[in-house]
Each structure stands twice: as C-alpha cells, then as structure tokens.
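Below you'll find the structure, written out as structure tokens, and then a few comments.
Letters A, B, ... are given to chains in the order of the sequence lines, protein chains preceding strands, and every chain is numbered from 1.
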Amino acid sequence: MSEYVIDDREMPRFAVNRKVMVDQDVFARERELIFDRSWLYIGHETELPKPNDFKTRTVAGRPLIFARDAKGNIRVWVNSCPHRGAMLCREPQGNARFLTCFYHGWSFSTAGGLVSVPGDDAYGEKFERPNLAAPPKVDSYRGFVFVSFDPGIVDLPTYLAGAKEYIDLVADQSEVGMQVLEGTHDYSVKANWKLLVENSYDGYHALSTHQRYFEMVVAARGAIDPGALGQSVGINLGNGHAVIAGGPTSGGLFGRPLSADGEAERTARFARLRQKYGDAWVDRLAGARNLVIFPNLVIIDLVMGALVRKIEPVAPDYLEVSAWHIAPPEEGAELHRQRLDNFLTFWGPGGLASPDDVEALETCQRSYAAVKELPWSDISRGMHKPVAGGSDEMQMRTWWRRWNEIITGETLPPEEHEPLPELYTGQKSPHTATVE
Amino acid sequence: MEQGFPRIEPEVVQVGAGVTATEITLGGVPRGAIIVLCDAGRLSDAAEPMNGLAEHGYESVAAEVSGGAGDVVGSLLAHLGARGWEAEQVGVIGYGAGGRAALLTAAEFTLGAAVTIAPDGPVSDPREPLRTPWLGLFGGDAAGLRRLGETLYERSPVYTEVVCYPAAGSGFHRDSAEAPVHAAAFDSWQRTVEWLNLRVVPRLTPLARAWRARQPAGVGIP
C-alpha cells in the first residue's frame, strides 16, 4: 500500500498523509511525474482578440508567452531568448508582432521566427540561428488552450475524457461563444497547491467556511432553497478529473438577486438555449458545477458567475493562483453588472468566499508542522453511499487516486456507486452539434 | 529625441506625378522605411522626426498632404517599393493634416504600422475597418477621442490604441520648457518609435535571408 494514501473499502475510510503537503521530495516528484507529463491550462483563446496580442504566463514553473500570431494562430513560446536566456517579454500582456530581447537585441516574431540579430555578420555564413522554443504540445478545446511538456502524451480530447462534457456545459451558455473578461485575479497562498485543488470542489465546507456569504445572500433574497444543495452529486470523469454537479435549481443558490430586467433577459436566453439544445441539456446547463481537470485547472460555474482558476505550485508550502471570469458576451449591460457584482462578492480579493478559503488553507499548512504527531487527513465522506453527494468527497478521492497512481505506481480501483439519475446525464437534442 | 548623432539634411526628390518629397536614405541594411506626412507648407518640420527615425535605423520619405492623401501615399509607397521596401516593411506617421491622412492610410493600405500625431481640427471616423495597426496621439478632448479609439478597435481586425495628453494641448509633440508639454513630447516620441519597432517588419540581412532559405517551409515566418 502507498505510504501516502489509505483507501480502505471495508470500513470504509480514505486518508491522505500530510507529508505530501510539506515534503520537498514529493514536490520534486510532482514536478517531474505530474506537471511534466499532463496537459496544463495556459489560457483562453478569447483573451487574445487581436493578431499579435500576447500574455505572459507561468505554467509548471516555465515562463511562457501565450500569443496570437500575425495570421491569427494561437501560439505558445518559451519566454526566454534562445541566445542567452533573458526574458523576451517582461510585461503581463501587450500587443507586438516582434518581441525584442533587451539583453542583446535579438528579435523574434509572434510566429516564433528569429527576425534580426544586431551585427549578424559577426556570425559565420553557416551559423544556424535559433527560433523560439515551444512546449512540444499545444491544443485547445472549446477555446480553452492547454500545453504539455510531454511529446508522447495522449491527445487533448482523450486526456480530458468526461471533463469535455462539463466544459461544453460552460461553453454552451453563450449563443456566440463564452468570453474571458479583461483582467486577472493574481494572488498567492502560503499553502500546498493540492489543498486548493481539494478546496475548489469541497462541497462540505461551503456552509461552515462561507457562513457570512450565505448570510449575505439570505439577507438580500429573504430565503434560499437549501434543498438545492442536497441535490448535487460528485462524478468521476476519468483520468483524475471530477466534478460536483448541481441540480437544475442549484444555480439559484448563489449570488444576490437579479433585477427583474436581468432575470427576464437571462430567462429569455435560456429559453432560446432550450430550443437549440433541448430541455435535458439546458436543465444541466442551469445547474452549478465545480470541476477540477487534473492536475490544476478549476472551473467553478455557479451560473451567477463562472470562474476559471489555474493553480501554480511554487514550493511545497506556497502556491500562486491566476483566476479569470468567463461570461456570455451578448449579455446586456445591467445583467453583466450584476454578474460582476456576484463574481466579486464571492471570489474577489475582498469577497466573502475566497479570502476565507485562503485563511483555512494557510492554517492547514501551518499545522502540518505537526505532521509526525498528526499524520493523516480524512477524506472519507460518502464512501459508503449508493450515490456520492456534492457535500461528499468522492470527487477529491478520484483526484487523489490518480495522484497516487502517478507518484507511487499503485493503482486503486474507482469507487462503485449506483448509476447517476438522468438529471445528470441528459444530452443535447440529437439535431444539435457542438462546434469546436 | 536622442542627441549627439550627426544631423542628416533630407534630400528633395520628386515622386510620382508632381509630388515633391524629402528623403533620408541609409547605408547597410536599414530597419524599415517610414512615410512622414505633414501639413501643407510644413515639409521642413519633417526633418527632425526623420533624423530621429534614422537614429533607430529607419529610412524615411516625407511629403505634404491636404485633403485626400491616397494619391500622395500611393506615390510614396511606389517610390519606396522601387527601393525594395515591401508594404509591411513600411510605417506611416503623420502630423496635423498628415495625422488625419495617416488614419485614412491605415484604413486604405496594409502597412506595418501607422501613427497619427496631433491632427489639426476634428478627427473624422474613416467609417471603414483599419487594415494597419494604428496609434492615435492626441492633445485636447480625451473622451471623444477615446470613444473614436474604442470604435476603431471594435471595428478593425488589427490592434489600435489611443493616447491623450489633455494637460499638454494640441502642440504636445513639440518640446517646450513647460513640464506637461516636455513630458508629453518625450512620451509621444517614445511611443511612436516603439509602435513602429513592435510592428514594422524588419528587412532581413543577406545572412538572415540565406539562413531562412535553409529552413523548412512555414517555420518562423514573421
């Protein structure tokens, strides 16, 4: 049995050794075995609306340039001059067809080609000039762009497995294509990156950690339907990906009440979506979902707002987060304003949810100094149930089993639960097709 | 503008049918070529930015415009074409009436980059998508110009930007002892050069061309 994970199906009990949150060797193995061999999210195509737009991003520790070239193709380059290594782009974003290294002045296009070398006659005629380096694999699904540093990795759709369907449920909310809004929430947490993975689809903590948020919502609305929370389920999507999916009314649990005009506009859009996709799919669309794509991409769609969160491990006890808001661009100004308000009051840096999570995770990390006295964290909720609920922890166990398999080589079978009710399996009407 | 380089006196040349222009040509492999458009009667004012551009490796050709600029720009482009400059290796900057002409040029031609500096009078919307990445540098009414900038950005397939210097007034690009104007003159010239450097396609050196010919097709195309 793995030294890191207890997966006892008899009791049943699932536990993770806190050593994995503090140990430098584990961190180094994660870099090599997980981050060098997975598909990793870098950004969304709509963040680069114009030719030669670029963003600089860090993925698996590597500084990268996420760009659209002059012809409109999405490109990802290593943000390092192949000459001597200085960073080509030192800005978080911009627009430039040519990226010039400030060290020796070598210049490259957004398509990756070396364009000029000051005083190039000092190099021999046969000198092979380097173009920009790139991750071996770049691909996208519904506008979500991923890279992999493993040239032999399976293709992106195969990797995403059942998570594709949940990306579809986010992407299909716009009739013209969901768009990532301008601006990024960049913040750091003094905690192990896996704690934020767990937290991102931990339904159990919502009411205790975010009590103030729900008090605010109740005060604004008069009441909420807690039954909607109990309806949600945890779903294993394969390859370590998992989701908490809410029932059709769970989207109504979060956020301040919409104005009458906002409500009418949203209802009209969902009615058009019903015509396009059918009721079964749109009932799912209207529910909340907390999705984690292994290892570090989080999509939390509470319908009142949708968050895309990329978790970047920096050290065993330190992580950096970049988070974006994705929204239907056709939304009217007032509904959009209310969406932003909901987004900021929940996930914003001064919001009523994310700062609570940061506090919780940082205290976990500090307490792991006592790992020898208190080695195990429990993640057993709902193991014995016929169907794992959203407040259970099957989704986290799914992630941990994949983590354990990669790090230790030990394969643990998936949990057996009853088939999901139709509410969570409905598909689009047969006459519609997803355009990728 | 940088000091200390020898000043080059632009040469008077005739380009196309009846267009008098001034020109600075450079030896070696120049970085690119810039068309400088000026108000009628202000051609001599172009000598200073032309020298500034030469310091960054750009050849330049300047002409006056009044009213429709298409013919003048067409003649200047043909003149540069005869010197081997391709459209995307050419940028255009314009002052005063030339600034309005630079915006219209950005709608009419696909060049490397375009900069409008301090156009006289109201700036009218060209009513067409821009084909050349365009930077507008303005004194005066910031809100109206920002709206124009947003309209052009939304409409155009290329990147556009508007920068205003409301504290410096319409002559912001001519250096002065007044602090806001001095700051605006420095900033606007730096933005102009950077806009060109980031977008005008450089002319390849003979060695770079030989190397590129050895590359597989489609690799590293600018």
Side-chain angles (χ1 to χ4, degrees), chain A residues 47-55 65 67-73 75 77-78 81-83 88-91 93-102 105-134 179 182 329, chain B residues 27-32 56-58 87-89 91 110-114 129-135 149-150 152-163 191 193-222:
Chain A
E47 292 181 79
L48 306 169
K50 300 280 182 178
N52 303 312
D53 278 348
F54 69 84
K55 308 272 182 187
I65 302 166
R68 194 178 282 281
D69 70 19
K71 290 184 175 158
N73 304 306
R75 305 282 200 156
W77 305 114
V78 175
C81 184
H83 176 219
L88 286 168
C89 285
R90 291 170 297 138
E91 304 285 337
Q93 60 182 353
N95 179 279
R97 183 164 179 181
F98 302 105
L99 310 165
T100 301
C101 178
F102 83 115
W106 288 30
S107 183
F108 302 83
S109 74
T110 46
L114 178 62
V115 174
S116 67
V117 173
D120 74 341
D121 50 359
Y123 294 88
E125 213 168 288
K126 292 182 180 165
F127 178 67
E128 277 308 315
R129 298 160 188 238
N131 290 311
L132 290 181
Q179 196 173 310
E182 182 77 27
Chain B
V29 183
R31 163 75 179 76
H56 290 276
Y58 292 100
E88 289 194 315
Q89 295 175 324
T110 304
L111 306 179
L130 302 189
R131 294 158 60 183
T132 297
W134 173 79
L135 170 66
E150 284 165 14
L152 292 170
Y153 180 89
E154 292 299 327
R155 184 195 301 154
S156 306
V158 294
Y159 184 71
T160 68
E161 204 173 298
V162 162
V163 176
R191 283 179 188 273
V193 172
E194 283 181 5
W195 190 264
L196 301 172
N197 285 344
L198 292 174
R199 294 172 181 85
V200 171
V201 175
R203 175 177 275 182
L204 298 178
T205 63
L207 286 170
R209 276 204 305 277
W211 165 73
R212 196 169 286 285
R214 299 199 296 272
Q215 296 286 300
V219 170
I221 299 303

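The only member of Thr110(A), Ile65(A), Leu88(A) that meets side chain to side chain contact (heavy atoms under 4.5 Å, CB included) when paired with Phe54(A) is Ile65(A).
Using a 4.5 Å cut-off between heavy atoms, Asn95(A) contacts chain B through both its backbone and its side chain. Neither the backbone nor the side chain of Val29(B) comes within contact range of chain A, judged by heavy atoms closer than 4.5 Å. Heavy atoms of Ala210(B) lying under 4.5 Å from chain A are absent altogether. Using a 4.5 Å cut-off between heavy atoms, Phe127(A) contacts chain B through its backbone alone, with no side-chain atom that close.
Summarising the geometry, atom CZ belonging to Phe98(A) is positioned 10.5 Å from atom CG belonging to Asn197(B); distances are rounded to the nearest 0.5 Å.
In terms of heavy-atom pairs under 4.5 Å with chain A, the best-connected choice from Pro133(B), Gly28(B), Ala208(B), Gly112(B) is Ala208(B). Heavy-atom pairs under 4.5 Å with chain A peak, among Trp211(B), Tyr153(B), Tyr159(B), at Trp211(B). Here Glu88(B) is the residue among Glu88(B), Glu194(B), Arg203(B) with the most heavy-atom pairs under 4.5 Å with chain A.
Ionic pairing of Arg97(A) and Asp69(A) is not present here: no N-O contact between side-chain nitrogen and carboxylate oxygen is shorter than 4.0 angstrom.
Cation-pi check for Arg75(A) over Trp77(A) is not met; the charged atom does not lie both under 6.0 angstrom from the ring centroid and within 45 degrees of its normal.
At most 12 heavy atoms of other shown residues, nucleotides or ligands fall within 6.0 angstrom of atom CD in Glu91(A).
Ring geometry for His83(A) versus Trp106(A): interplanar angle under 30°, hence parallel rather than tilted (30 to 60°).
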